[in-house]
Amino acid sequence: MISEIRTARRGGEPTLAGRLHRFEGLVLALAMLVVASVCSAQGVTSTGSSHATVMLTGHADLGSVVSIGIAAGTVTFDLRGSVGSDQVCVVSGTSADDIVAQPLFGETFVRPAGTTFRVTDYPLLEVEGGRQLAQGELPVSTAGTAIVCYRSFELKAFSNVVGWQVAVDRYGLPGADPIRNLYLAAVCRGEAAANMQRIEDLGRVSVFADKVAGSCNDALIVLAVKLGGETAGTSAAGLRYTIVSSAPPDVVPMGAR
Amino acid sequence: MMTSQERRVSRVGRVRAVGAALVVLFSLAQTATAQATWLVESLIPEVISIRVPTTTIAFSLNGAVYPPAEFPARYPATEPQGGVLPVHVFSNADGLWHLMLEVPDLLSESGVEIVPANQVLYRVNGGIWLRADGNSQIIYSQAGQTAGWHEIRIEFALELTGSERSGSYLINAIVSASREAGF
């Protein structure tokens, strides 16, 4: 699954036949006998004076399956001060990212320019930190401040095998400047928040790595961009989502149904 | 010393005597047969019987139908055909009889994973869907003898929540017919 992120800124004596007929009749009778014996072998009958029981057995086969689907092909951050956009932008009093946790191995979680988000009423977001821009207000930052905008879209990820995760790979789009500062987080439905990871150009981040099978079928992918001196026009990034499991699965694209 | 003629006469006489004796015996025998009284008893045992055309239930899900767009999702049994099991019951005595179904939890081949019994659903003769609960449940009752084999159609479905681990799960179902002693 692939999505693009774009930021847009301003810019008888038995005859022979009789014998054959009898012969065919004999063959037919034999054939019926065979069929009858096969039928009785498949079924079962139980009889008693007041109680009878039959036992049925069988199996339910659930193949190993992973599946992924996203609700948006293109996510656009419109920074032209347009009214009616469902993105949330804030002006933060700092431009530096806060490092939330830096494990010895694995991801680095950050707060873009000190901001974070919370899912208030799924799938609606509330951004914490900074002053929220009013509808139509131009995203103008001053020295030592930063504009950070958040958007989200729904992702359906399914796996019935253990050890699964979604890998997000970033790649460049020809004809467009790259987005300087792009962040991503994944929140399972029912969860309020998740840490964000910065995703560099041609970089990769993994999400849902700690989720067990079936625990996170519906999720929000939250994207954030921090304006970092991009020129006027459109800046873009391509993101490819790949669900990976430890068992060889039958991969099913959800969009096919 | 008998002459040959005397011997012939004597032999004819013996033959006649034996013949007469046979006639008398035959007559006596005819008389005895006509006078005999035979007790004829016809005993039909009191039974209740159940028969099914197959003893296999299967739910085979592949990538074409699974996962569904939304959970929970129900899947009809892929075996027997059409997901319907015709159960035939024969009872030839008075009294209330019941058909009962018991479906335990589904157990994976490894014995570690289970699908709870209440995720197996059934309905009788197109009625409402009910859940198995791991115990024996009365699913049909009728009073009196059946007129020949009485057919009851049981449909099976499996409800999946999305949390089931992949694999093969063993299904057991016990179908019983039981008649009460009398009203």
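Labels below follow one simple rule: chain letters A, B, ... track the order of the sequence lines, proteins then strands, and each chain is numbered from 1.
- In this structure, the ring of B:Y122 has its center no less than 6.0 angstrom from the ring center of B:W129.
- A donor-acceptor pair under 3.5 Å links the side-chain atoms of A:R151 to the main chain of A:T76, judged by distance alone.
- With a 4.5 angstrom heavy-atom cutoff, B:I50 touches chain A via backbone and side-chain atoms both.
- Contacts of B:F90 with chain A are absent, with no heavy-atom separation under 4.5 Å from either backbone or side chain.
- The main-chain N or O of A:T57 is never found under 3.5 Å from a side-chain atom of B:N172 such that the two would form a donor-acceptor pair.
- Interface check for chain A: of the options B:S178, B:P45, B:A173, B:S60, the most heavy-atom pairs under 4.5 Å are formed by B:A173.
- With hydrogens and angles left out, the side-chain atoms of B:E180 and B:H98 include a donor and acceptor closer than 3.5 Å.
- No hydrogens or angles considered: nothing links the side chains of A:S67 and B:Y66 as a donor-acceptor pair under 3.5 Å.
- Contacts of B:E113 with chain A are absent, with no heavy-atom separation under 4.5 Å from either backbone or side chain.
- Neither the backbone nor the side chain of B:L107 has a heavy atom closer than 4.5 Å to any heavy atom of chain A.
- Among B:A58, B:G167, B:S91, B:A93, the residue with the largest count of heavy-atom pairs under 4.5 Å with chain A is B:G167.
- B:H150 and B:Y140 have tilted rings, their planes meeting at an angle from 30° to 60° on a 0 to 90° scale.
- Only the side chain of B:L106 comes within contact range of chain A, with at least one heavy atom under 4.5 Å from a heavy atom of that chain.
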